[in-house]
Amino acid sequence: FTDPTFWTAVKNTVALLFMSVPTTVVLALAVALGLNRILNLRWRNVWAAMYFLPFSTSLVAAALIWQWIYDPVYGFLNYLLGFVGIPPQKWLQHLTQVKPSIAAINVWVRIGFDTMIFLAALQSIPGEYYEAAAIDGASARQRLRHITLPLLNAQILMVVILELIFNFKIFDQVYATTQGGPASASQTVIMLLYDTAFKYFRFGDASVIAVFVFVTLLVVTLIQWRIFRKPVEY
């Protein structure tokens with residue numbers, strides 16, 4: 001706990017959490033709401049499969065794909081930015097851009113899985129609730145706020161917990177793209193654990209980091225479950 005490198009890794013991990021988790025949850029919910037409005041079952045399944053496809057990709061393969069996209073010389077993203085006059089960016093080599101760039105990979109990989117959870121939950125909500133609300137004059141925004149979101153509370157809580165765990169133990173994307181660089185700007189707790197154990201062979205310190213990760217995730221999960229779990233019945 002007196003090692004500044006450890007707290008730098010914790011800071012980077014928390015920063016990635018705040019960038020990735022809310023974005024993934026909100027976008028997945030928005031996509032699920034859009035898919036749920038598609039009445040044609042065949043087209044709904046086609047779009048759902050397209051969103052789910054990145055989740056079935058290996059994390060290392062996904063990281064390598066995005067490493068090519070972010071390449072400062074030959075990358076597809078800088079190629080697109082050139083059309084609007086924006087100079088090439090050093091996405092994974094820049095101290096301030098590297099964490100948002102990795103967070104974008106996390107969102108791309110996870111959004112399909114979370115969308116499937118939300119879509120299944122939306123399809124299980126009885127249509128009578130919406131019909132009764134429409135008769136009472138409720139707008140679409142009011143139906144979303146007072147019917148959809150409360151009845152999705154359990155699924156939202158579960159998705160947030162899953163995303164928190166996934167992003168806290170992020171390793172593959174960082175190892176395949178930056179290996180913690182530049183200047184440890186993207187080094188996460190699990191990346192530090194790996195280096196400590198298998199690069200510097202300090203297994204005692206690595207065990208302490210592993211226990212810290214387990215206790216932190218357990219405490220945060222229990223707090224979330226206690227505070228945000230609100231059973232709703234109509």
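From a predicted model like this one, the values you see are computed outputs, not experimental measurements.
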Handout entry: Same apolar cluster: Val189 and Val211, side chain cutoff 4.5 Å
Key = yes
Completion exercise
For Val25 and Phe118 the tightest heavy-atom approach is O-CE1, 3.8 Å
Practice task
Find out whether Thr188 and Phe171 are in side-chain contact, i.e. whether some heavy atom of one side chain is under 4.5 Å from a heavy atom of the other.
Solution key: no
Exercise for the section: Could you tell me whether the side chain of Gln97 and the main chain of Leu95 form a donor-acceptor pair under 3.5 Å? Expected result: no
Exercise for the section: Taking the side chain as every heavy atom from C-beta outward, state whether Gln187 and Thr5 have any atom pair closer than 4.5 Å. Expected result: yes
Exercise for the section: May I ask you to check whether Phe52 and Phe113 place their ring centers less than 6.0 Å from one another? Expected result: no
Handout entry: Within 6.0 angstrom of Leu218 CG, more than 12 heavy atoms from elsewhere
Key = yes
Practice task
Can you see which heavy atom on Asn36 is nearest to which on Arg44, and at what distance?
Solution key: O-NH2, 3.9 Å
Problem - Gap separating the CH2 atom of Trp108 from the CD1 atom of Ile69, nearest 0.5 angstrom - result: 7.5 Å
Handout entry: Note, Ile170 side chain near Ile102 side chain (heavy atom, < 4.5 Å)
Key = yes
Exercise for the section: Report the distance from atom CG of Asp114 to atom CE of Met158, rounding to the nearest 0.5 Å. Expected result: 8.5 Å
Completion exercise
Correct closest heavy-atom pair for Gly137 and Gln142 would be O-OE1, 4.1 Å
Exercise for the section: Taking Asp136 for its side chain and Ala138 for its backbone only, find out whether a donor-acceptor pair lies under 3.5 Å. Expected result: no
Practice task
Check whether any side-chain heavy atom of Lys11 lies under 4.5 Å from a side-chain heavy atom of Val14, and answer yes or no.
Solution key: no
Problem - side-chain contact (heavy atoms from CB on, under 4.5 Å) assessment of Tyr74 paired with Tyr79 - result: CA-CA 7 Å; Tyr74 305 104; Tyr79 174 76; over 6 Å; no
Practice task
Quick one: pull up CD in Gln173 and CH2 in Trp66 and give me the separation to the nearest 0.5 Å.
Solution key: 12.0 Å
Exercise for the section: Go through the steps to decide whether Lys99 and Met19 satisfy the test side-chain contact (heavy atoms from CB on, under 4.5 Å), and finish with yes or no. Expected result: CA-CA 8 Å; Lys99 283 192 284 289; Met19 294 178 189; 4.1 Å; yes
Fill in the blank from the handout: Of all heavy-atom pairs linking Gln224 and Leu164, the shortest is OE1-CD2, 3.7 Å
Problem - Backbone of Gly181 reached by a side-chain donor or acceptor of Ser186 within 3.5 Å - result: yes
Exercise for the section: For the residue pair Val31 and Leu35, establish whether any side-chain heavy-atom pair is separated by less than 4.5 Å. Expected result: yes
Practice task
Test Trp91 against Val98 for side-chain contact (heavy atoms from CB on, under 4.5 Å), laying out the working first.
Solution key: CA-CA 6 Å; Trp91 303 102; Val98 62; over 6 Å; no
Practice task
Determine, using ring centers only, whether Phe6 and Phe212 are less than 6.0 Å apart.
Solution key: yes
Exercise for the section: List the steps and the verdict of side-chain contact (heavy atoms from CB on, under 4.5 Å) for Thr216 and Phe168. Expected result: CA-CA 10 Å; Thr216 301; Phe168 200 91; 4.0 Å; yes
Practice task
Is it possible for you to say whether Val220 and Phe18 belong to one hydrophobic cluster, with membership spreading through side-chain heavy-atom contacts below 4.5 Å?
Solution key: yes
Handout entry: Separation between CG of Asp205 and CG of Asp195, rounded to the nearest 0.5 Å
Key = 13.0 Å
Problem - Geometric cation-pi criterion, Arg110 with Phe55: 6.0 Å, 45° - result: no
Exercise for the section: With the side chain counted from C-beta on, respond yes when Leu122 and Leu33 share a heavy-atom pair under 4.5 Å apart, and no when they do not. Expected result: yes
Problem - Check: Tyr130 and Ile125 side chains under 4.5 Å, non-hydrogen atoms - result: yes
Handout entry: Straight-line distance of Glu163 CD to Thr23 OG1, nearest 0.5 Å
Key = 10.5 Å
Exercise for the section: Tell me whether Tyr200 is reachable from Phe198 by hopping between hydrophobic residues (I, L, V, M, F, W, Y) whose side-chain heavy atoms are closer than 4.5 Å. Expected result: no
Exercise for the section: Could you state whether Ile209 and Leu217 fall into the same hydrophobic cluster, counting links through intermediate Ile, Leu, Val, Met, Phe, Trp or Tyr residues with side-chain heavy atoms under 4.5 angstrom apart? Expected result: yes
Exercise for the section: Mind listing the closest non-hydrogen atom pair of Ala176 and Leu64 along with its distance? Expected result: O-CD2, 4.1 Å
Handout entry: Neighbour count above 12 (heavy atom, 6.0 Å) for Trp7 CH2
Key = yes
Exercise for the section: Assess whether side-chain hydrogen bond (donor to acceptor under 3.5 Å, both in side chains) is satisfied between Thr8 and Ser184, documenting all intermediate values. Expected result: CA-CA 8 Å; Thr8 300; Ser184 299; over 6 Å; no
Handout entry: Candidate list Asn106, Thr13, Thr24, test side-chain hydrogen bond (donor to acceptor under 3.5 Å, both in side chains), partner Asn167, passing option
Key = Asn106
Problem - CZ/Phe203: more than 12 non-hydrogen atoms of other groups inside 6.0 Å - result: yes
Exercise for the section: Flag yes if Leu39 and Leu41 sit in one hydrophobic cluster, no otherwise; membership is Ile, Leu, Val, Met, Phe, Trp, Tyr, and two members link when side-chain heavy atoms are under 4.5 Å apart. Expected result: no
Practice task
Please indicate whether Trp47 has more than 12 foreign heavy atoms, meaning atoms of other residues, nucleotides or ligands, lying under 6.0 Å from its CH2.
Solution key: no
Practice task
Write down the atom of Tyr70, the atom of Ala104, and the distance for their closest heavy-atom approach.
Solution key: OH-CB, 3.4 Å
Exercise for the section: Please name the residue in the list Thr177, Val60, Ile105 that meets the side-chain contact (heavy atoms from CB on, under 4.5 Å) test with Asp172. Expected result: Val60
Practice task
Can you measure from OG (Ser101) to CG (Leu92) and round to the nearest 0.5 angstrom?
Solution key: 5.5 Å
Handout entry: Contact check, side chains of Phe76 and Asp71, non-hydrogen atoms, under 4.5 Å
Key = no
